[in-house]
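Excluded from the calculations below are hydrogen atoms, water molecules and symmetry mates; all remaining heavy atoms, backbone and side chain alike, are included.
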Amino acid sequence: QVQLVETGGGLVQAGGSLRLSCAASSGAFSFYAMGWFRQAPGKEREFVSAILSSRGLTYYSVPVKGRFTISRDSAENTVYLQMDFLKPEDTAVYYCAAKSSSGIPTRDYDSWGQGTQVTVSS
């Protein structure tokens, strides 16, 4: 099972930017997809973004599309989430995840990181 470690969270003012990183153990890009999810207090975990390992196709949830960008560095086994124009409602714990099975890239992920807190102040 791949090990995933997220970094880059923190406190930022509304309108600001953060870049999250997800460092994966070797072989991470043999997975079908890598994704980012988030969970705000009192809410269920929700899909944020995903990138397919084979073709680099990207997917975004409606609330973040146009503001967030997912990318990868295969040589470094790292996936990034660039978050721009942040809003207070983006406040959550952000999780990196790896998906081994093909199919809808918004669900059925196998491996999860420990999460990193993102707080956006108004």
Side-chain angles (χ1 to χ4, degrees):
Q1 190 173 15
V2 67
Q3 303 299 315
L4 305 171
V5 178
E6 304 98 332
T7 56
L11 173 64
V12 64
Q13 289 187 331
S17 300
L18 282 174
R19 188 176 80 156
L20 305 183
S21 299
C22 173
S25 56
S26 61
F29 287 91
S30 63
F31 282 76
Y32 175 74
M34 301 292 293
W36 288 95
F37 290 73
R38 67 186 182 186
Q39 186 167 20
K43 295 186 177 181
E44 294 187 353
R45 187 166 56 191
E46 65 174 0
F47 169 79
V48 174
S49 182
I51 184 166
L52 300 190
S53 296
S54 61
R55 293 177 290 172
L57 295 177
T58 58
Y59 301 84
Y60 299 93
S61 65
V62 171
V64 309
K65 193 170 185 178
R67 300 188 296 121
F68 291 10
T69 304
I70 191 170
S71 63
R72 63 182 180 177
D73 183 333
S74 300
E76 296 294 328
N77 273 343
T78 302
V79 176
Y80 302 98
L81 185 68
Q82 177 67 40
M83 305 185 296
D84 298 316
F85 306 107
L86 283 162
K87 305 175 181 179
E89 49 264 44
D90 294 319
T91 295
V93 177
Y94 283 70
Y95 297 91
C96 176
K99 176 179 171 65
S100 59
S101 60
S102 61
I104 301 173
T106 62
R107 66 185 192 192
D108 301 329
Y109 281 71
D110 314 285
S111 302
W112 296 85
Q114 83 289 350
T116 185
Q117 177 70 45
V118 172
T119 303
V120 184
S121 63
S122 57

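Between the CG atom in Leu57 and the CD1 atom in Ile51 there is a gap of 8.5 Å [rounded to 0.5 Å]. Between the CD atom in Glu89 and the OG atom in Ser122 there is a gap of 10.0 Å [rounded to 0.5 Å]. Note that OG1 of Thr106 is 8.0 Å distant from NZ of Lys99, once rounded to the nearest 0.5 Å. Between Met34 atom CE and Ser53 atom OG the span is 7.0 Å, to the nearest 0.5 Å.
Contact of the Arg67 side chain with the Met83 side chain is not registered, since no non-hydrogen atoms from C-beta on lie closer than 4.5 Å. You'll find the side chain of Pro63 reaches within 4.5 Å of the side chain of Arg38, heavy atoms only. A 4.5 Å side-chain heavy-atom check between Asp90 and Lys87 finds at least one atom pair inside the cut-off. Side-chain atoms of Thr91 and Gln117, non-hydrogen and from C-beta on, do get closer than 4.5 Å to each other. In this structure, the side chains of Phe37 and Tyr109 come closer than 4.5 Å at one or more pairs of heavy atoms. Within the 4.5 Å cutoff, the side chain of Tyr60 has heavy atoms near those of the Ile70 side chain.
Legend: residues meeting side chain to side chain donor-acceptor pair (under 3.5 Å) with Gln82, ordered by chain and number and at least two apart, are Asp84.
In terms of heavy-atom proximity, Ser25 sits nearest to Asn77 at O-ND2, 3.7 Å. Pro105 approaches Phe47 most closely through the heavy-atom pair O-CE1, 3.6 Å. Scanning all heavy atoms of the two residues, the minimum distance from Ser49 to Leu81 falls at CB-CD1, 4.1 Å. Shown here for Ala24 and Val2, the closest heavy-atom pair between the two residues is CB-CG2, 4.0 Å.
A donor-acceptor contact shorter than 3.5 Å is absent between the side chain of Ser111 and the backbone of Ala97. No donor-acceptor distance shorter than 3.5 angstrom exists from the side chain of Gln13 to the backbone of Ser121, with no hydrogens or angles considered. Looking at Ser21, its side chain never comes within 3.5 Å of a backbone N or O of Thr7 through a donor-acceptor pair. Of the possible donor and acceptor atoms, one in the side chain of Arg72 sits under 3.5 Å from a partner among the backbone N and O of Leu52.
Between the side chains of Ser101 and Asp108, not a single donor N or O lies within less than 3.5 Å of an accepting N or O.
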Show your reasoning for whether side chain to side chain contact (heavy atoms under 4.5 Å, CB included) applies to Glu6 and Tyr94.
-> CA-CA 8 Å; Glu6 304 98 332; Tyr94 283 70; over 6 Å; no

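Screening Trp36, Phe68, Tyr80 against Leu20 for a side-chain contact (heavy atoms from CB on, under 4.5 Å) leaves a single residue, Trp36.
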